[in-house]
Every structure is written in structure tokens, then in C-alpha cells.
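Each chain gets a letter, A, B and so on, in the order the sequences are listed, and its residues count up from 1.
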2 protein chains.
Amino acid sequence: MSSIDDATADSSLTGRELLLDAAESLFYERGYQSVGMDEVRAASGLPLKRIYALFPGKEALAVAMLDGRDRRWHVSLAEHVDHYRSPSQRVLAIFDWLSDWLAGPGHRGCAWINAHGELGGTSEAIRGAAQRHKDRFRAYVTELATEAGAPRSIADAIFLLAEGCMVTAGISGSPEAAGQARRAAQLLLQHGATG
Amino acid sequence: MSSIDDATADSSLTGRELLLDAAESLFYERGYQSVGMDEVRAASGLPLKRIYALFPGKEALAVAMLDGRDRRWHVSLAEHVDHYRSPSQRVLAIFDWLSDWLAGPGHRGCAWINAHGELGGTSEAIRGAAQRHKDRFRAYVTELATEAGAPRSIADAIFLLAEGCMVTAGISGSPEAAGQARRAAQLLLQHGATG
DNA sequence: ATCGAGCGAGAACGAGCGTTCTCACCTGAC
DNA sequence: GTCAGGTGAGAACGCTCGTTCTCGCTCGAT
């Protein structure tokens, strides 16, 4: 299991880290508007005054938390992919990693998809964070697929399969979509190399 | 364009329909928690007392609106699919319909994905509505794919491609993912029929 | 010992929420 | 005309929220 999901309390963490970890757990589990700043304060152990010295408001805290999670998410994914040498195996490793990630306890799908669903219509900043994350992920998938000899159309398809499996796993509560997406990606890499 | 997106005001509508139409526009555009019942009242033209006589509360209104939208969504999709006779064209018609749907003005992705992202973690009823919708859609995709001779694995992949294109179109703001998903589905139907 | 700057805990504030209640008004039967 | 029943408009209620403010304490310098 990756370290994406468990933000464990550690007394050596800075206030900023304590705050972002607490915000991440709470916001991921219940959404943004359902979690009050007082709960964030209690979970982080920081006084409200310090929280508002670190971030100008709740929205900025949410964006910082999403961006921090994005960094760790991509590092964790790339670490897993880098266990493999074969270009096509590196593409398929995305789905293995997603399968592990989506099977984590209390998993509720992709944090950016959920954030966009809740606040994409009202917060420019949150929509931007979601777009940044998805753009980075798409670029990474395209890079791996291209190295495996796949044309752009197959790279696009593999990205969409990954997105589909994230959203489906989130709603259904089961990670089995990752295996289905992996089999489809394998087929596309095998038969679509000339497409 | 389908009639999924525009809930036009019509004096011949019942109070329940006026209410559900107003709720659908507002909730779809801005989410649930960002829209107050007073705004729903103003948009529907119904007095608050009548609203609370029709539904016991905001959550029940949201669920009824999602279920009503689900019915119209599936009718509109099936109507489009039924313009085609060839089984494989009927599968691909899903993506043509999605492309039109996702290109609509003010489109903000899949209402059920968004609702699940916002309230899936706190409301059992909303999560249930999202699951019902996705289960129905998966069953329909599987039915069409099976009639086109595709094995279960290809049907799963086509469903995931559709989900991926809905979520990607919602976040990116562009419907181009539907075309990408359509091309991938075509490839899978051609080369995967024996998989 | 004394002072003062800085900090933590939590009260306070103003706004907004979902929901319920009030009350003036309309309507239709007699 | 009169009265009862029901309806609409919006005030009211109780609560929660994000954010700011108060105040008493701590702690290091002198």
C-alpha cells in the first residue's frame, strides 16, 4: 500500500504538515463543505489563529492539500512504475498501482474527481487544482504509452480507462474496475500498436 | 441536443415538475450544499410550504431529482441508439450521444459522479442514487456490447471508457474525450471479439 | 522580581443554512 | 354577506459555519 492514504500523526511534523495531513483525511473522507474548520483545528491540534496564519482561508487550505497530495500521488505511482523495465509492463503497472490504491481501506475514489464534483462549479481555484492533477496524469500516461510504441490514440484510450476505473471504483466501492481496465489496456497495446 | 440539460419553464407543469426542474438546474450547476432552499424556492416559483409538502427535506429532493434525471437520461440515450440497426454501430452510438451531451452549454460532467463526489461520503441516499444510475448504465452498455458479439471483458472496457470520457469532459471542459473513447471502443470491438 | 511580547484556547460575530410558523388574504358554500 | 378552510409570502427559529477577537498565560531578557 502506498503512503497516499495514511497521513499518520508524527510529533516531528511541522504545523503546516500537521494541518495539511488533518485536512487531507477529513476532506477526503467527507468532502469540503461537510467539514468545519473547527474539526480541522481539532484534528490538526493547531490553534485556529495559527491555521489562519498559514493559509488565508479554507479554500486556500484545500488547494494546498490537493497540490501536496498530487505531488505524493505522482511520486508513489512513478516509484511503482520504475520497478519495471519493459515499456509495456510499465504502462500496465499503472493499473496494478491503481488497484492497490483503490483497494485501500475507506477509499472513496479519486480526490480530485470528488473535489471537482463538489466545488468545480463554484471555485475556480479547486477546478484548477483538479485540472492540474489530471493534466499531469495524462502527460505521464502518454509518456509511458508512447515509450511502449503506442500511437496517440491508444495513449488517450489508456488514460480514459484509468479515469474510468477510478470513478467506477469510487462509486461502486470495489477496486475490480482496475483489473478490467488493465486487461483492456493490454489488449490495446497488443493490437493497436499500428493504429 | 437531448432534452437532458434544458428544463424549460412551462406553465403547464405541475408543482412537482417545476420544483424538480429548478432543483436540477441549480444543483447541477453549483452542487448541493452551495445552493440554498431559498434559491430553489425562487427558481421554482413555489412557496416553501409547498416544497416541504412535496418532499420531506433537501436530501429527498436531491434524490428524486437524480432519479428523475436518470430516467430521462436513459430514455434519451436509448432513443439515439435505436436509430441504428447494426449491433456494433449501436455500441458506438453511445459515444456519439455522449459527445453531444458533453458538448452542451454549461456542461459540468456527469451529475451522478459530481453528486457522489460531494455527498457520497456523508449521504447514503445520494450514494445509492449514483450507484443505481451507474448500475443501469453498465447493464445497458453490457447488453449492447454483448449483442455486438463482444465478450464480457470488452463490455467492461467500453463501460470504463464511457465513464472515463464523462469524468474527463467534466474536468477539462471539453467533449473531445468522447471521440477518443469512441475510437478505442471501435478498436476493441474489432480486435477483441474473440478475447 | 518585573516587564512585555507572543501564543494558545476558546468566545464572539455576522452571515447563512434548512426548516417551521404566522398571518393576511383568497375562495367557495350557504 | 359571512364564515371556514386553505394557501402564499415571508418572518422567525435554532443551528452551524468561516473568520476574527479577547484575554490570560508563558517565557526569556533585564
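The OH atom of B/Y52 sits 23 Å away from the P atom of D/dG6 (whole-angstrom rounding). To the nearest angstrom, P of C/dA15 lies 20 Å from CE of A/M37. What separates CD1 of B/I51 from P of D/dG10 is a distance of 14 Å, to the nearest Å. Spacing between atom CZ of A/R30 and atom C1' of D/dT16 amounts to 13 Å, rounded to whole angstrom units. One can place CG of B/L48 at 12 Å from C1' of D/dA12, the figure rounded to the nearest angstrom. In this structure, A/D38 places its CG atom 11 Å from C1' of D/dT16, rounding to the nearest Å. In this structure, B/K58 atom NZ and C/dG18 atom P are separated by 4 Å, rounded to whole Å. Separating the CZ atom of A/R41 from the C1' atom of D/dC17 is a distance of 14 Å, rounded to the nearest angstrom.
With A/N114 contributing its side chain and A/R108 its backbone, the two residues share a donor-acceptor pair below 3.5 Å.
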Exercise. Walk me through it: do A/C165 and A/L102 pass the test side-chain contact (heavy atoms from CB on, under 4.5 Å)?
Key: CA-CA 9 Å; A/C165 97; A/L102 296 169; 4.0 Å; yes

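With a 6.0 Å cutoff to the six-membered ring centre and a 45° limit on the axis angle, A/R69 counts as a cation-pi contact of A/Y28.
For the 3.5 Å distance criterion, the side chains of B/S76 and B/W97 qualify, holding a donor opposite an acceptor. No hydrogens or angles considered: a donor-acceptor pair under 3.5 Å links the side chains of A/E59 and A/S123.
None of B/L66, B/D70, B/V63 except one satisfies the side chain to side chain contact (heavy atoms under 4.5 Å, CB included) rule with B/R132; the exception is B/V63.
Residue A/V40 is out of contact with every strand shown, counting any heavy-atom pair closer than 4.0 Å.
For A/K49 against C/dG8, a side-chain N or O and a base N or O form a donor-acceptor pair under 3.5 Å.
With pairs defined as Watson-Crick or G-U wobble and both atom distances under 3.5 Å, the stems of at least three pairs that touch DNA chain D come out as C:1-30 with D:1-30.
Residue A/R50 places none of its side-chain N or O atoms closer than 4.0 Å to OP1 or OP2 of C/dC7.
With respect to the salt-bridge test (charged N to carboxylate O, under 4.0 angstrom), the residues A/D67 and A/R71 do not qualify.
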